[in-house]
A.B. asks: 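For reference, the structure I am asking about is given below.
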Amino acid sequence: MTFNPLRERGIPLDRQLRNWRELNVTPIDPDHADPYTRCRIITMNGIETEAVFFSHHLARHCPDTEIRQQLARVRYIEAQQQKAVNWLLPGLASVLETTLAYEQVAVDLTAWVARMEPDAYLQQAYQFGVLEDFDHLYRYANLYEMIEHRKAEKIVDQLTEVMPGRPTMMHHRDPMDNVREPYDRNNTAPISKLHALTIMAAEQQTMNFYMNVGPMYMEPIARQLYQEIGLIEEEHVTHYESLVDPGESWWEMLLNHEYNECYLYHSFMETESDPKVKSIWELHLNMELEHLRLAAELFKRFDGREPEQVCAPELPAPVTFEPNKAYLRELIATQIDYTTLGTGYVQEAHERFEKMQEALMGGEKPPSERVIDDNRARSGHEYRLQTEGEHPVQSLALNR
Ligand SMILES: [Fe+2]
Ligand SMILES: [Fe+2]
Ligand SMILES: [Fe+2]
Ligand SMILES: [Fe+2]
């Protein structure tokens with residue numbers, strides 16, 4: 001069944017506003033929900049947050065009051081969608097539990113995107129990044145065991161393994177080396193544009209989350225670990241946003257944003273296991289179809305092209321949350337020692353990398369290393385969840 005969102009009719013904009021009762025969604029059950037339902041909620045919260053902020057930036061560059069009024073109307077609906085989506089998360093979950101879920105999203109969403117990405121340079125960017133969020137999950141899982149006395153499998157279940165990836169201390173690169181080459185908007189496959197927007201939005205929301213929740217902890221190691229990983233999420237946003245062609249006009253960017261929202265709500269509607277959550281994906285898809293139509297009107301008027309010239313003629317295969325264990329193990333075995341130099345990748349610690357490491361670390365262990373030492377000292381072991389056997393890199397194996 002092909003689905004072309006540019007041809008579908010959605011809910012008219014003046015019928016999209018919801019009252020308090022309609023916004024008062026029932027949260028998912030923290031103990032029995034499908035972990036991937038929580039991952040879809042977190043992903044869509046990141047997408048809606050990006051929709052709101054992108055629209056604000058566009059409005060700040062837009063001299064026409066009438067257009068700014070239309071942007072404000074659509075943006076208010078995006079803000080309501082963000083509330084409905086993020087309020088599906090239960091208040092019972094701790095900040096650290098939500099953090100583990102954010103890193104699970106980063107791992108399984110980025111791995112899936114890497115597997116599906118047709119462009120080799122873009123694929124390399126996702127493969128590079130996913131090994132870092134994979135390691136963050138391991139560091140936070142040890143913090144979780146140490147301060148909440150619980151195991152990360154309570155959150156990730158058996159779907160995502162928890163063990164070292166590229167060690168977090170090696171993620172601190174000179175900021176110059178976090179900038180990649182963008183795709184070419186005229187030649188890249190439409191799916192590549194959608195992938196880049198999705199991962200950029202997901203990483204941006206993780207960055208925002210750590211910025212704000214890090215200082216809510218009392219424990220010094222927790223405060224420090226959030227600072228360290230928070231700075232790496234800044235690197236990740238730089239890395240992924242630089243993949244998007246900055247030569248796209250504002251209207252083309254708006255069109256791509258709305259198309260991507262349609263794509264993701266449609267994907268999650270097709271793959272959702274929780275019927276109540278599924279009905280929200282379906283409702284929001286029907287809202288996004290109208291946002292897309294309005295964006296397409298603006299694109300035709302100000303960019304002078306047809307939306308079909310830049311968008312896919314039908315929705316690509318649905319974005320799917322599923323385990324990526326074998327794929328991740330393969331990447332760990334082959335790319336764990338990669339770093340970046342300029343817009344490319346190398347396997348040696350070059351001068352600029354060493355300089356950054358020295359400036360940040362000054363010969364001392366960073367929080368991401370101390371959290372493992374501390375948990376070993378307190379719990380008698382470090383926390384891992386290796387469902388598929390021993391770690392693929394011998395020096396990182398438990399029984400080495
Ligand atoms: Fe939206
Ligand atoms: Fe991360
Ligand atoms: Fe990240
Ligand atoms: Fe939208």
Side-chain angles (χ1 to χ4, degrees), residues 5 10-11 13 16 42-44 46-55 58 70-82 84-85 98-111 113 125-126 128-141 143 160 162 165-168 171-173 178 197-211 214 225-241 253-266 281 283-296 298 368:
I11 302 170
L13 191 61
Q16 294 196 5
I42 290 169
T43 302
M44 287 323 301
I47 294 294
E48 290 298 351
T49 304
E50 167 64 19
V52 168
F53 282 112
F54 173 77
S55 171
L58 171 50
Q70 186 187 311
L71 290 173
R73 290 179 70 209
V74 175
R75 188 168 63 243
Y76 192 86
I77 302 299
E78 308 284 16
Q80 283 206 332
Q81 290 176 316
Q82 185 275 328
V85 169
T98 306
T99 297
L100 293 168
Y102 270 48
E103 295 293 351
Q104 185 179 31
V105 169
V107 169
D108 281 322
L109 184 64
T110 312
V113 162
Y126 302 121
F128 180 80
V130 75
L131 286 188
E132 303 199 332
D133 291 310
F134 187 78
D135 195 76
H136 296 167
L137 180 58
Y138 162 68
R139 309 285 156 178
Y140 281 128
L143 181 65
T160 310
V162 182
R166 178 177 306 121
T168 289
H171 306 175
H172 303 293
R173 294 171 287 274
N178 290 322
L197 274 185
T198 300
I199 303 299
M200 178 191 84
E203 293 289 334
Q204 176 174 260
Q205 100 160 317
T206 306
M207 176 184 77
N208 290 340
F209 187 67
Y210 298 165
M211 276 177 172
L225 186 64
Y226 274 96
Q227 269 195 348
E228 182 181 5
I229 297 183
L231 280 166
I232 295 161
E233 303 305 348
E234 156 62 27
E235 297 190 75
H236 286 177
V237 177
T238 301
H239 174 79
Y240 292 120
E241 80 187 359
M253 284 193 246
L254 177 64
L255 187 69
N256 287 339
H257 273 76
E258 298 292 5
Y259 192 101
N260 196 39
E261 287 187 89
C262 292
Y263 173 43
L264 289 170
Y265 279 127
H266 187 269
W281 304 150
L283 172 64
H284 285 195
L285 168 62
N286 285 311
M287 294 173 164
E288 297 300 348
L289 290 170
E290 173 75 352
H291 300 178
L292 179 65
R293 189 186 67 77
L294 293 165
L298 292 171
S368 59

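A quick note: this is a predicted structure, and the numbers were derived from the prediction, not measured. Values reported hereafter were calculated over all heavy atoms of this structure, with side chains retained and with hydrogens, waters and symmetry mates removed. Remember, it's 1-based here, ligands and their atoms both numbered in the order they're listed.
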A.B. asks: Taking just the N, O or S atoms of His291, which one is nearest to the Fe ion (ligand 4)?
C.D. replies: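 Within His291, restricted to N, O or S, the Fe ion (ligand 4) is closest to atom ND1.
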A.B. asks: Quick one: salt bridge (charged side-chain N to carboxylate O under 4.0 Å, His left out) partners of Arg173, sequence neighbours excluded?
C.D. replies: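 Expected list: Glu132, Glu235.
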A.B. asks: At the Fe ion (ligand 4), what angle lies between atom OE2 of Glu261 and atom OE1 of Glu258, rounded to 10 degrees?
C.D. replies: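 Nearest ten degrees: 80°.
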A.B. asks: Taking salt bridge (charged side-chain N to carboxylate O under 4.0 Å, His left out) as the definition, give me every residue that meets it alongside Glu290, ordered by chain and number, with sequence neighbours left out.
C.D. replies: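 Glu290 satisfies salt bridge (charged side-chain N to carboxylate O under 4.0 Å, His left out) with Arg293 once adjacent residues are dropped.
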A.B. asks: Whether the Thr49 and Gln205 side chains hold a donor-acceptor pair (N or O, under 3.5 Å, no angle test) is what I'd like checked.
C.D. replies: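 No.
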A.B. asks: What count do you get for protein N/O/S atoms less than 2.8 Å from the Fe ion (ligand 3)?
C.D. replies: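 If we list every protein N, O or S atom nearer than 2.8 Å to the Fe ion (ligand 3), we get 5.
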A.B. asks: How about Glu228 and Ser368: does a side-chain donor come under 3.5 Å of a side-chain acceptor?
C.D. replies: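 Glu228 vs Ser368: donor-acceptor pair found between side chains.
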A.B. asks: Among the N, O or S atoms that Glu288 has, which is closest to the Fe ion (ligand 4)?
C.D. replies: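 So the atom name we want here is OE1.
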A.B. asks: Should the pair Tyr265 and Trp281 be assigned to parallel (<30°), tilted (30 to 60°) or perpendicular (>60°) ring geometry?
C.D. replies: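 The rings of Tyr265 and Trp281 sit tilted, inter-plane angle from 30° to 60°.
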A.B. asks: Between the Fe ion (ligand 4) and Glu78, which N, O or S atom of the residue is the nearest one?
C.D. replies: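 Considering only N, O and S atoms, Glu78 comes nearest to the Fe ion (ligand 4) through OE2.
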A.B. asks: With distance as the sole criterion, is a donor-acceptor pair present between the side chains of Thr99 and Glu103 under 3.5 Å?
C.D. replies: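 Thr99 vs Glu103: no donor-acceptor pair found between side chains.
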A.B. asks: Could you list the residues that satisfy salt bridge (charged side-chain N to carboxylate O under 4.0 Å, His left out) with Asp108, not counting sequence neighbours?
C.D. replies: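 With neighbours one apart ignored, the set is empty.
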A.B. asks: Using the rule given for side-chain hydrogen bond (donor to acceptor under 3.5 Å, both in side chains), can you reason through His284 versus Glu48, listing the C-alpha separation, both sets of side-chain angles and the distance that settles it, and then say yes or no?
C.D. replies: CA-CA 11 Å; His284 285 195; Glu48 290 298 351; 4.7 Å; no
